[in-house]
There are 4 protein chains.
Amino acid sequence: MSDNSFGRLLRVTTWGESHGPAIGCVVDGCPPGLALSEADIQPWLDRRRPGTSRFVTQRREPDAVRILSGTYQGRTTGTPISLMIENVDARSKDYAAVAEAYRPGHADFTYEVKYGLRDPRGGGRASARETAARVAAGAVARAVLGQGITIRGCVRAIGGDEAGSCDWDETGRNPFWAPDAAAAQRWEALLDEARHARTSLGALVEVEALGVPAGWGAPVYGKLDAVLAGALMSINAVKAVEIGDGWAMATMRGHEAIDPIRPGPAFQSNHAGGILGGISTGQPIRARLAVKPTSSIPQPVATVTRAGEETEQVTTGRHDPCVGIRAVPVAEAMLALVLADAMLQQRAQCG
Amino acid sequence: MSDNSFGRLLRVTTWGESHGPAIGCVVDGCPPGLALSEADIQPWLDRRRPGTSRFVTQRREPDAVRILSGTYQGRTTGTPISLMIENVDARSKDYAAVAEAYRPGHADFTYEVKYGLRDPRGGGRASARETAARVAAGAVARAVLGQGITIRGCVRAIGGDEAGSCDWDETGRNPFWAPDAAAAQRWEALLDEARHARTSLGALVEVEALGVPAGWGAPVYGKLDAVLAGALMSINAVKAVEIGDGWAMATMRGHEAIDPIRPGPAFQSNHAGGILGGISTGQPIRARLAVKPTSSIPQPVATVTRAGEETEQVTTGRHDPCVGIRAVPVAEAMLALVLADAMLQQRAQCG
Amino acid sequence: MSDNSFGRLLRVTTWGESHGPAIGCVVDGCPPGLALSEADIQPWLDRRRPGTSRFVTQRREPDAVRILSGTYQGRTTGTPISLMIENVDARSKDYAAVAEAYRPGHADFTYEVKYGLRDPRGGGRASARETAARVAAGAVARAVLGQGITIRGCVRAIGGDEAGSCDWDETGRNPFWAPDAAAAQRWEALLDEARHARTSLGALVEVEALGVPAGWGAPVYGKLDAVLAGALMSINAVKAVEIGDGWAMATMRGHEAIDPIRPGPAFQSNHAGGILGGISTGQPIRARLAVKPTSSIPQPVATVTRAGEETEQVTTGRHDPCVGIRAVPVAEAMLALVLADAMLQQRAQCG
Amino acid sequence: MSDNSFGRLLRVTTWGESHGPAIGCVVDGCPPGLALSEADIQPWLDRRRPGTSRFVTQRREPDAVRILSGTYQGRTTGTPISLMIENVDARSKDYAAVAEAYRPGHADFTYEVKYGLRDPRGGGRASARETAARVAAGAVARAVLGQGITIRGCVRAIGGDEAGSCDWDETGRNPFWAPDAAAAQRWEALLDEARHARTSLGALVEVEALGVPAGWGAPVYGKLDAVLAGALMSINAVKAVEIGDGWAMATMRGHEAIDPIRPGPAFQSNHAGGILGGISTGQPIRARLAVKPTSSIPQPVATVTRAGEETEQVTTGRHDPCVGIRAVPVAEAMLALVLADAMLQQRAQCG
């Protein structure tokens with residue numbers, strides 16, 4: 001996993017800046033013969049698309065994906081799949097101030113120190129817009145995994161307010177991917193209040209995969225949970241990742257944390273989140289991630305100019321009040337990519 | 001990051017089973033001309049060594065490291081550094097029962113499903129003994145990083161009981177790497193009680209790096225925090241990782257979570273844990289990990305035999321009542337490896 | 001080096017089929033701050049462009065490159081550089097017969113056995129059209145290497161007729177990259193004769209790099225010559241590669257093959273082709289490659305249909321009578337990519 | 001392929017210097033359940049072992065291999081296989097002069113420029129002794145490939161004197177791996193004459209693989225011939241590589257170079273050397289390599305000291321008069337490694 005490529009056998013390379021002509025990705029290593037057309041990818045992009053409710057950025061992007069290579073007559077050929085999404089609604093004038101001072105909480109300062117220069121338009125490469133390419137690649141990964149594996153995600157909490165129940169059918173009925181209708185209602189009020197207070201909110205996101213057979217993953221550095229943790233932490237604004245009971249494990253006692261095994265074999269609980277020793281157990285694979293509140297807030301924050309002088313910055317562009325919401329389809333995509341790669345690796349080593 | 005190798009430019013490959021003749025690693029890509037002898041590596045291994053107090057496994061291993069290649073006249077030559085640690089105190093008879101039934105909470109079941117066979121002696125490759133090789137490699141990484149960078153770790157909590165203060169000098173004075181003498185006393189009692197109750201305890205570990213300049217790391221999938229999250233999650237028994245304020249970020253509001261910048265440039269806080277957009281800010285890099293209680297407990301747990309029949313298993317071997325304690329030097333090593341690799345990558349791309 | 005990506009630190013991923021909407025590449029790991037615009041890349045593509053003389057394929061492709069990401073205000077930003085070239089003159093009807101029978105000497109059979117299906121239009125991914133993306137990437141590599149390093153190539157022989165002299169200025173004055181005006185005249189007649197005889201001709205291509213400092217490359221599997229050999233052999237139709245005196249070395253005696261060293265240090269000859277132990281010596285780096293005659297010839301050749309029945313195939317599409325000619329800019333590009341990557345690796349490990 | 005690791009899925013990392021305590025390798029990614037013990041590896045090492053005839057170096061090394069990890073009860077477990085060979089007969093005093101002046105034709109100068117220092121004992125890492133580790137790894141690769149695939153090699157020519165016939169059974173009956181008894185007799189005289197003349201001889205080596213199914217390999221940069229060319233060129237002293245008819249292809253005409261296909265499908269010739277478009281055709285895979293005469297000759301050659309002053313160097317250590325002979329088992333090992341990796345990759349992508 002390095003820089004702009006992800007995956008070992010199913011390898012995705014993404015490219016593009018927020019306000020460049022386009023963004024995209026190349027998916028290499030895809031098995032041949034899979035049905036794949038734009039219509040298989042577009043629905044996943046639509047779930048992540050900006051401008052779909054007043055709770056996400058108002059940038060209007062159709063996010064229409066084009067397949068430029070790697071398929072023939074609607075099937076993958078085994079050669080690299082190049083996917084491109086044109087940037088349509090890039091209002092670069094919104095970012096004039098950004099060019100002169102570092103937005104605190106963003107990558108402006110670190111990019112400039114690292115590279116000596118940066119593309120300030122919309123955050124350039126550091127923009128969450130890059131995640132559209134991940135979602136497109138994730139659609140390919142879902143095709144690789146096939147119908148037997150279900151990958152899904154939801155928002156478990158916004159601003160510390162947790163969803164009470166977990167009804168997966170509900171996640172598609174509200175603009176928050178909330179698994180609980182009552183929570184969705186509360187979050188609507190919470191987000192309106194936060195916007196009124198000129199601030200933003202953090203979120204807790206959950207993803208899970210059902211139907212993954214036992215035996216995927218690998219020992220040591222290639223542990224399925226290690227790869228997954230890196231994949232999820234690479235999503236913009238994510239600051240923490242846990243697998244299964246994760247954080248709570250630190251306060252549990254051994255006999256509480258073990259998942260006993262009964263004939264089947266069947267595990268009697270899933271504290272482990274479907275992974276033991278870095279290898280899948282056959283139970284649902286479950287991970288959670290903490291997403292920080294967006295640093296783009298419409299109130300002044302102290303910062304410095306490129307010349308090192310004190311100044312303040314107020315975000316005036318179009319931003320998500322809670323980036324955690326749109327992180328859901330992205331986290332699903334990363335989980336799909338990790339699993340599809342693990343599937344191919346398992347096939348390679350163990351036949 | 002895949003299977004048994006870690007790192008992109010400073011690349012470590014570890015090998016060895018708990019009860020094989022030896023374990024070791026090969027460190028490739030090390031800059032030439034660095035002073036490196038066994039005496040530079042051994043002290044770090046001694047910190048992780050089993051049998052040093054009654055709170056860790058009583059297996060008696062000197063963990064004496066030998067440099068088999070890659071140095072000449074006490075300096076690295078730029079060629080692969082092969083490090084070997086012989087296994088001395090391997091009592092394989094302790095594991096006879098393990099061969100016939102899967103220890104719940106361990107990788108026995110998943111290894112066998114994946115590979116069709118497994119080395120049951122001491123957990124084989126899944127044993128935490130592998131981490132000795134990581135610590136040895138981490139010593140090389142520290143040599144690469146040089147004196148200007150300090151990497152240190154501590155246990156912040158055992159069984160949910162958090163250290164009150166954070167006195168780094170204190171960490172070396174107690175057998176728990178506790179940064180708080182009072183906590184160390186409480187934990188002693190807590191661990192004795194847990195052993196008496198035939199169970200084990202989880203822990204919260206913290207690592208940090210001081211002196212890392214701004215600009216290390218990379219965007220997107222090579223984010224410093226993404227690589228670090230994968231590295232830490234790859235340590236045995238780790239179930240969650242956070243960077244900076246991590247989990248707490250999910251409940252914070254935007255204006256609370258931002259680190260304002262003042263001339264210097266100097267950040268006024270470090271909620272971000274020293275990383276923005278995947279690149280170091282120049283502040284301390286800080287991560288925490290949740291370590292589950294060891295699954296090796298001296299009370300019967302339900303499981304199945306390889307033939308699929310119901311049985312129970314009681315751990316009788318020598319095990320750590322709290323594996324989180326010995327995770328400290330391992331987590332430090334992984335942080336050192338991630339940073340040394342980032343240093344070389346930064347030098348490659350940005351000169 | 002694997003599948004569709006090339007390079008370790010300066011990593012190129014190419015994509016695209018001969019008759020798809022476009023071809024292109026993503027160049028990741030490029031140092032920031034380099035001047036780079038379409039005008040820096042286009043001239044190199046123009047050298048490889050089809051249809052420039054009657055001795056190369058008559059397909060009319062402008063091969064106009066677009067930079068889709070990775071630059072800002074005419075400079076590289078350190079993020080992935082996405083380059084795209086639209087396919088304009090794709091006459092897929094020429095390939096109707098190809099879909100039903102395997103062209104001998106081409107990859108039709110092997111692609112179909114491997115993948116179970118193939119894109120028959122223009123050879124799909126196996127088409128030499130892919131090399132346009134390499135040339136575009138090579139232009140980025142030249143920018144990385146800077147003005148101090150000169151990379152150049154020529155055709156040394158066509159159909160066994162060797163160029164007598166080696167005048168590098170002459171290479172740009174004839175349509176064969178011949179370093180010898182007299183040879184160019186002979187080759188013109190030779191190629192006309194071959195076309196008349198409904199066949200094609202093989203060629204011997206040479207590339208060299210001047211100005212490479214001593215110390216680039218690495219031992220063992222990362223040897224500069226090993227990487228270069230793989231890079232050059234990956235070019236379509238290349239069947240042999242030699243470094244320095246190469247093949248002739250097998251018949252030389254030790255005292256004839258050694259390059260003595262004099263103070264400077266200065267080598268008194270360059271049998272080694274500028275590489276010793278896989279590391280550059282500071283002398284010109286020199287390699288030669290044998291390019292087979294194109295298998296697309298306008299006379300019937302025995303083959304089988306996909307159903308396994310006997311048939312014959314006559315090439316009717318537009319093809320190069322000697323693919324070695326257009327291999328020159330491609331081989332130069334691969335040499336540039338190998339060297340730019342070696343430069344970054346050297347900087348990483350040895351500062 | 002980079003530095004000291006080779007292969008993508010079956011990945012070998014070698015380590016060790018000529019006069020260090022040991023050399024070895026770690027083979028990661030090996031499929032589980034294969035029968036593997038020292039007895040499966042040793043015979044291949046014995047074929048490469050020094051001191052077996054007066055035509056190879058007189059260094060006396062038993063080259064006894066030890067398996068340190070990755071097997072259990074005589075079967076591979078899927079975890080890294082660590083192999084170690086102790087250096088027994090290292091006479092470092094032979095190399096005192098080498099420390100002060102660069103041996104021409106060797107890597108002394110380039111290593112020192114690159115790294116700023118070098119291990120002069122026996123050539124250090126640049127010594128052909130490293131290839132013992134390759135041969136050990138190659139034995140694992142053979143186990144992966146199984147009985148259905150035969151890999152074999154021979155010396156086709158020494159000092160320009162070519163073997164007349166190709167009788168594979170003969171290769172094991174003479175100390176030159178000559179496939180022709182008459183040639184073996186001539187070479188004996190030739191080598192004695194060369195030694196008398198205080199020089200050394202180059203050689204032409206051939207390797208082939210029988211039984212490889214069609215469909216292994218990959219397009220573009222992962223072409224089977226590209227990977228193989230890099231693998232073979234990485235062997236010490238190799239200066240040229242060809243696949244199939246290789247060099248001769250440059251002088252052939254299209255209709256002569258094509259292998260027509262007949263029902264079966266069956267190719268009517270094998271000019272291509274078993275690879276088309278980078279993918280195996282099902283025919284024998286055939287490659288040849290040119291090995292330069294060893295630069296270690298017992299006559300004075302002009303060179304400079306580390307301080308830059310003129311001097312001469314005469315080799316007095318024990319060396320192979322024709323390193324091409326011992327290159328045979330090494331080239332076989334590299335071919336085995338390339339194919340085993342291709343097999344796993346094919347399984348991964350195409351099931």
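Letters A, B, ... mirror the listed sequences (proteins, then strands); counts begin at 1.
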Next item on the list: Without swapping roles, check the side chain of D/Ser200 against the backbone of D/Thr294 for a donor-acceptor pair under 3.5 Å.
Entry: yes

Checklist line | N/O donor-acceptor pair under 3.5 Å between C/Asp341 side chain and C/Gly7 backbone | finding: no

Segment of [X] engaging chain D (4.5 angstrom heavy-atom cut-off):
{"X": "C/Thr131", "result": "neither"}
{"X": "C/Val301", "result": "side chain"}
{"X": "C/Asp225", "result": "both"}
{"X": "C/Thr311", "result": "backbone"}
{"X": "C/Ile243", "result": "both"}
{"X": "C/Leu289", "result": "backbone"}
{"X": "C/Lys223", "result": "side chain"}
{"X": "C/Ala272", "result": "both"}
{"X": "C/Ala302", "result": "both"}
{"X": "C/Gln349", "result": "side chain"}

Margin query: Shorter than 4.5 Å, heavy atoms on both sides: which option in D/Ala248, D/Gly264, D/Gly202 has the most such pairs with chain C?
Written below: D/Gly202

Note to self: Does any backbone or side-chain atom of D/Gln299 lie under 4.5 Å from a heavy atom of chain C? Answer side chain, backbone, both or neither.
What the structure shows: side chain

Notebook entry, point to check: Got a sec, which residues hit salt bridge (Lys or Arg N to Asp or Glu O under 4.0 Å) with D/Arg198, two or more places apart in sequence or on another chain?
Noted result: none

